[in-house]
Amino acid sequence: MQTFDFLEQIPDADPTETARLIGEIERSIAAHGPERAKLLLMRLLSRARDLGVDLPTLATTPYINTIKTSDEPTFPGDEAMETRIRHIIRWNAAAMVLRANKTHAGIGGHLATYASAASLYEVGFNHFFQGKQNGAGDQIFFQGHAAPGIYARAYLEGRISAPQLDRFRQETAGHGGLPSYPHARLLPDFWEFPTVSMGLGGIGSIYQARYNRYLHNRGLTDTSGSRVWAFLGDGEMDEPESAGALTLAAREGLDNLTWVVNCNLQRLDGPVRGNGKIIQELEGLFRGAGWNVIKVIWSREWDELLANDAGGHLVRKMDATVDGEFQKYIVAGGAYIREHFFGPEPELGALVKHLSDDDLVHLRRGGHDYRKIHAAYASAVAHKGAPTVILAKTVKGYSLGPSVEATNVTHQAKKLSEAELFAFRDRLGLPIPDEKIPEAPYYHPGPNSPEVKYINERRAALGGPLPTRIVHPVNWSAPEAAVDAEFAAGSPVPVSTTMAFAKLLRNLLRDPNIGQQIVPIVPDEARTFGMDPLFKQSGIYAPFGQRYEPVDSELLLSYRESQSGQLLEEGITEAGSMASFQAAATAYATHGVPTIPFYVFYSMFGFQRVGDQIWQVGDARGRGFLIGATAGRTTLAGEGLQHDDGHSQLIAHLHPHVAAYDPSFAYEMAALIRRGMDRMHGGREDILYYLTIYNENQAQPARPEGAHVDEGIHRGLYRFAEADASASGPIVRLFGSGAIMGEVLAARDLLRERFGVRAEIWSATSYSELRREALVVERWNRRHPESAPRTSWMQDQLGSGGAPIVAASDWVTALPDLLAPWIDVPYLVLGTDGFGLSDTREALREFFSVDAKHITAAAMVALARGGERTPAEAATAIKELGIDPDRLPVFVLDR
Ligand SMILES: Cc1ncc(C[n+]2csc(CCOP(=O)(O)OP(=O)(O)O)c2C)c(N)n1
Ligand SMILES: [Mg+2]
């Protein structure tokens, strides 16, 4: 219960007036009860607000429609026609799921979600959603499980064929299969935004709307005609990603954003809030976050009842009834509703005396009344200054019959009995012959039918059919040579690759060809990565500019916020940053503007924290750079647990759209970024680059000459330095990457000075890219046993046989082990398996056995295995290097 004690701290200038007003309310409560007092107080609030009193918003309002009936605009469409169209789409949406499951039992699909949402979508398609013929149009995040309905509409429009519908969820059987859910990668001319991982559509839509404003405010493209719509489930609202960015949308005044939460009161297992009211809970959440909230709870059939409810009994009953009970009314029938909803109070019973039990069943929910929905959408798009959420109450499985409608198993229903199919057809009034019903045939009224003409005319008037994904051709001019030329020279002054990256990024931002398209994104870590000069140079994007004088305004590098700022300083939200990244990474398609995001983050908080969003960007065919800074289990000294990342490179390998690199040197990093941009926008590859960069200052060598260097950086491996030809002694090959390359170079000296061994140095920029290519080659060889075997880049570079190899990195040993099947010499791998620890770099590297000393010892063992040294010599080396041979590895937890 909210306490108002704080009011006593505010001096009362006229206690007599206060007492008089309070007395009025007390008298009303005594005479008419609390319901009337509530109404009176709300009327007072409303009047005061009209008179300009700035009052806080009520967290919740009564359980009735927000828009009053008399404010509803006249429905602009042909109501009978649209009803027929909905019926056809409803039928086909169900038919495609039923048929797919008949052909392949267990193939899955969903009947109930779209059945509850059909009117929500159809009103949008016929009257609101802007197509792409006059610009980017609207961006629509469809609820993933409603996909059959979206396909069924495209079928009616003539954009998808019946054979395609029949290949729902059968994508590998040639072209034309329909993916289960929205995926731009799997149906690239159709879907834009992958949504089926619950919650990601929600946060993605908020940052999409925000990014539309960013593009507009920066003058990159006119997005004033675009609205972002997101359709979410009420169960889905429990995902942190759904609710996590609501305040950003309000803070930035995103009135170009409309959410429709389909409140069918059910999720997969049962009721969303059986003992409560999800719509009321969400209303409080959204209003508190600063959104405009429109509740669409009751259909037009309730209007008269509410108008006649002078005592407020009906509203009170609506308020008091929990969702579990509302669900029960759907399955239990009219008599039950009369007894349990209208029954207990004589005033309520009297309200519906003139209605039959059947009439009571047909008192619908607002989300099935296209007029109420239309009024809500019209109000939402007209609302200025804040995003709008429409909370639409519906029935899950609506119209599908008793085995599906509002049952607890409705979400997973994929079958209807024959009797239910007949009933469904009759309810929809479709002319499908009886004998066909058992096979659930598609129904199409013909391309010249009034229905098809009508929807196509409506879509033409609104700018063309949706969903449609179009990749506009864009001219790509690579950055000028000056952007990265400086890194080829190296730097004798020790610098980290992070510092080099920050410099490269500043160069890119100044580049005349693509500077404007670069979008740096940071989650409150710019200073950590030395990117704070960007605050001044590029400005921090702030939709309303800077309304205060920053404390550091006197300094050269002050904190500058600007409406045209280029840097997206997201604050502490990796999920929000990734959602921005997705909007920027897909802008080449969404808006025909090839923006190039560089999202820079603590590598620990990337793949392991927001991996699902990185995957989603893959589904969305995004293009951009993920920069995992402060990478390496031992390189980020001091931070320890929950910071020291030694595994994101391995996780990245599992993402098919990600090329992951761990460059050692500044020139490698620069070359990778240049090639990456060229592949993405010159070569139109829908890929991400993941680069880990480190914060340890190291001398940066000049880029060695040679085609094998240029190519090897991108392929993942090249010989950086040959063995000393002027000396003698056995040769070992040392693979290094990232910051551990420094240890590898130090091991070369140790090996030479103490053990008379010569080392070749190999830079392994990407174990994962090497493995991918090796797998392709291996697959070909496996399928062509009679042909001369092909070889991969790695095999070509290493040759067969030769010196043994030691690979050392700041990553788990499984990363270099990715190459093991194709290496035919002793191959010893050193890595950082286990939890991170806080200590100095030296201590950590000694502890995890990846320092120069351990690399040297491993090299001696590798030589012993290859027969170039004896086991005794290797054992002596281990002893001389001061290594305890019996210490347990660090990944043994009870060490
Ligand atoms: C991250 C994630 N977790 C779980 C699921 C599995 N799942 C798919 S739909 C669903 C229930 C959806 O309920 P709701 O959001 O209310 O949508 P409705 O179908 O009722 O409209 C669940 C749990 C998923 N797709 N994504
Ligand atoms: Mg639901």
Side-chain angles (χ1 to χ4, degrees), residues 90 93-94 97 108-121 124 141-150 169 179-183 191 193-205 229-244 259-274 276-282 285 295-297 322-324 326-327 330-331 365-368 373 389-400 404-414 575 578-579 609-617 619:
R90 276 184 182 285
V97 176
H110 300 84
L111 298 171
T113 300
Y114 181 74
S116 66
S119 296
L120 300 175
Y121 285 113
F141 290 66
F142 295 97
Q143 211 186 334
H145 297 78
I150 312 304
R169 294 184 165 231
S180 45
Y181 306 116
H183 279 102
W191 297 116
F193 306 104
T195 48
V196 85
S197 181
M198 312 246 105
L200 301 194
I203 193 166
S205 70
W229 298 81
F231 288 80
L232 289 97
D234 47 358
E236 183 176 12
M237 283 306 303
D238 283 340
E239 290 285 2
E241 290 87 350
S242 299
W259 274 23
V260 181
V261 183
N262 176 13
C263 298
N264 54 27
L265 314 187
Q266 290 181 249
R267 52 190 176 203
L268 193 150
D269 281 342
V272 178
R273 296 287 186 272
K277 293 165 89 73
I278 187 63
I279 291 180
Q280 298 301 86
E281 184 180 324
L282 292 177
L285 174 72
K295 295 194 288 191
V296 182
I297 303 181
V322 294
D323 286 355
F326 276 122
Q327 188 186 342
I330 302 299
V331 298
R365 293 181 178 176
H368 299 303
I373 299 165
V389 62
I390 291 156
L391 303 172
K393 189 178 183 181
T394 63
V395 177
K396 192 152 180 170
Y398 187 67
S399 77
L400 290 173
V404 178
E405 209 171 70
T407 62
N408 274 337
V409 296
T410 183
H411 188 81
Q412 286 169 310
K414 319 175 194 331
M578 268 312 297
R609 173 123 190 176
V610 291
D612 197 16
Q613 287 177 290
I614 297 174
W615 194 276
Q616 182 196 25
V617 179
D619 290 335

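Numbering of ligands and ligand atoms starts at 1, following listing order.
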Metal proximity, Asn262 vs the Mg ion (ligand 2), N/O/S cut-off 2.8 Å: no
Return yes when at least one N/O/S atom of Ser116 is nearer than 2.8 Å to the Mg ion (ligand 2), and no when none is. no
Out of all atoms in ligand 1, which are within 4.0 Å of some heavy atom of Thr113? Include the element for each. 18 (P), 19 (O), 21 (O)
Under 4.0 Å from one or more heavy atoms of Ser197, ligand 1 contributes atoms 1 (C), 26 (N)
Counting only heavy atoms, tell me which of [options] gets closest to [atom].
atom                    : options                        : value
atom 1 (C) of ligand 1  : Glu236, Glu239, Glu241         : Glu239
atom 24 (C) of ligand 1 : Met237, His145, Met198, Gln412 : Met198
atom 10 (C) of ligand 1 : His411, Arg267, Gln266, Gln143 : His411

About how many Å separate [atom2] of [Y] and [atom1] of [X], when rounded to the nearest 0.5 Å?
X      : Y      : atom1 : atom2 : answer
Gln613 : Ser197 : CD    : OG    : 8.5 Å
Leu285 : Ser242 : CG    : OG    : 10.0 Å
Ile297 : Thr394 : CD1   : OG1   : 12.0 Å

Mode of [X] contact toward ligand 1 - side chain, backbone, both, neither (heavy atoms, under 4.0 Å):
X      : value
His110 : neither
Lys396 : side chain
Asn262 : side chain

Is the side chain of Asn264 donor-acceptor paired with the backbone N or O of Ser116 at a distance under 3.5 Å, no angle test? no
Could you tell me whether the side chain of Thr410 and the main chain of Thr407 form a donor-acceptor pair under 3.5 Å? no
By atom name, which N, O or S atom of Asp234 is the nearest to the Mg ion (ligand 2)? OD1
Please work out which of the three classes, parallel, tilted or perpendicular, describes the rings of Tyr114 and Tyr121, given edges at 30° and 60°. parallel
Centroid-centroid under 6.0 Å between Phe193 and Phe142 rings: no
Looking only at distances, can you tell me whether any N or O atom of Asn264, backbone or side chain, sits closer than 3.5 Å to an N or O atom of ligand 1? yes
If we count only N and O atoms by modelled type, under 3.5 Å, do the side chains of Gln266 and Asp323 hold a donor and an acceptor together? no
If we count only non-hydrogen protein atoms and require a distance under 4.0 Å, does atom 6 (C) of ligand 1 qualify as touching the protein? no
Contact check, side chains of Val404 and Lys396, non-hydrogen atoms, under 4.5 Å: no
For [atom], what's the nearest protein heavy atom and its distance?
atom                    : answer
atom 14 (P) of ligand 1 : Gly235 N, 3.6 Å
atom 25 (N) of ligand 1 : Val196 O, 3.0 Å
atom 22 (C) of ligand 1 : Leu268 CD1, 3.9 Å

Can the positive tip of Lys277 be found less than 6.0 Å from the middle of the six-membered ring of Phe326, inside 45° of the ring normal? no
